[in-house]
*Asks:* 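This is the structure, below, for whatever I ask next.
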Amino acid sequence: MFLKRNASTILTCVGGVGVVATAVVAVKDTPKAMQIIDQAEEKKGDSLTTIEKVRYAGPVYIPAILIGVSTLACIFGANAL
């Protein structure tokens with residue numbers, strides 16, 4: 001009964017925590033992505049296009065993307081309730 005009465009508040013709080021977690025994970029993954037891009041540019045011998053950068057460094061950001069999508073689901077779920 002407690003969860004049913006407070007579901008929107010709980011989802012809102014989880015959404016707030018998710019926003020912070022998304023930012024933290026993205027910031028922590030950025031040096032890894034930059035290193036991957038630098039290595040790919042050295043291997044290619046030229047600068048990479050934007051699409052190539054996304055292809056090489058994109059997988060590093062998958063956890064941040066998943067957390068962000070989950071956060072949006074919590075926020076929209078809280079609004080629906």
Side-chain angles (χ1 to χ4, degrees):
M1 196 67 168
F2 173 80
L3 289 177
K4 195 171 193 175
R5 263 186 285 147
N6 297 307
S8 63
T9 303
I10 293 168
L11 286 173
T12 301
C13 292
V14 171
V17 170
V19 169
V20 174
T22 302
V24 169
V25 171
V27 167
K28 288 178 76 174
D29 289 341
T30 298
K32 295 176 202 171
M34 295 303 295
Q35 184 179 19
I36 290 170
I37 290 171
D38 290 341
Q39 289 173 352
E41 285 179 342
E42 286 178 15
K43 188 175 182 181
K44 183 178 178 183
D46 195 16
S47 62
L48 299 174
T49 65
T50 303
I51 294 173
E52 289 174 328
K53 289 178 183 179
V54 170
R55 188 175 23 170
Y56 285 115
V60 173
Y61 291 107
I62 288 175
I65 292 168
L66 292 175
I67 294 171
V69 169
S70 300
T71 298
L72 285 174
C74 287
I75 292 169
F76 291 138
N79 186 41
L81 292 176

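Just so you know, these numbers come straight off a predicted model, no measurement behind them. In this chain, numbering begins with 1 at the start of the sequence shown.
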*Asks:* Once rounded to the nearest 0.5 Å, what's the spacing between atom CD1 of Ile36 and atom CG of Leu48?
*Replies:*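 One finds 11.5 Å between CD1 of Ile36 and CG of Leu48.
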*Asks:* If you group Ile, Leu, Val, Met, Phe, Trp and Tyr whenever their side-chain heavy atoms sit less than 4.5 Å apart, what else falls in with Phe2?
*Replies:*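 Via sub-4.5 Å side-chain contacts, Phe2 links to Leu3, Ile10, Val14.
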*Asks:* Taking all atoms of both residues into account, what is the closest heavy-atom pair of Val60 and Pro63, and its distance?
*Replies:*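 Nearest heavy atoms, Val60 then Pro63: O-CD, 3.5 Å.
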*Asks:* How long is the span from the CD1 atom in Ile37 to the NZ atom in Lys44, to the nearest 0.5 Å?
*Replies:*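 One gets 12.5 Å once the value is rounded to the nearest 0.5 Å.
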*Asks:* Rounded to the nearest 0.5 Å, what separation is found between the CG atom of Asn6 and the CE atom of Met1?
*Replies:*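 So the CG of Asn6 and the CE of Met1 are separated by 10.5 Å.
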*Asks:* Nearest 0.5 Å, please: how far is OG1 in Thr71 from CG in Leu11?
*Replies:*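 Answer for the CG-OG1 pair, Leu11 versus Thr71, is 11.5 Å.
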*Asks:* Quick one: OG on Ser70 to CD1 on Ile75, what's the gap to the nearest 0.5 Å?
*Replies:*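 Output value for this atom pair is 11.0 Å.
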*Asks:* Do you know which two heavy atoms are closest between Ser8 and Ala78, and how far apart they sit?
*Replies:*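 Taking Ser8 first and Ala78 second, the nearest heavy atoms are O-CB, 3.6 Å.
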*Asks:* Kindly indicate, with the supporting measurements, whether the criterion side-chain contact (heavy atoms from CB on, under 4.5 Å) is fulfilled by Glu41 and Glu52.
*Replies:* CA-CA 10 Å; Glu41 285 179 342; Glu52 289 174 328; over 6 Å; no
*Asks:* Does some side-chain heavy atom of Thr30 sit less than 4.5 Å from a side-chain heavy atom of Tyr61?
*Replies:*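 Side chain of Tyr61 against side chain of Thr30, heavy atoms only: contact under 4.5 Å found.
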*Asks:* So with a 6.0 Å cut-off around NZ of Lys43, is the heavy-atom count from everything else above 12?
*Replies:*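 Count not over threshold, so no.
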*Asks:* So, taking the atom named CD in Glu42 and the one named CG in Asp38, what distance separates them when rounded to the nearest 0.5 Å?
*Replies:*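 Going from the CD atom of Glu42 to the CG atom of Asp38 covers 6.5 Å.
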*Asks:* Only one of Ile67, Ile62, Ile65 forms a side chain to side chain contact (heavy atoms under 4.5 Å, CB included) with Val25, so which one is it?
*Replies:*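 Checked Ile67, Ile62, Ile65 against Val25; only one passes side chain to side chain contact (heavy atoms under 4.5 Å, CB included): Ile67.
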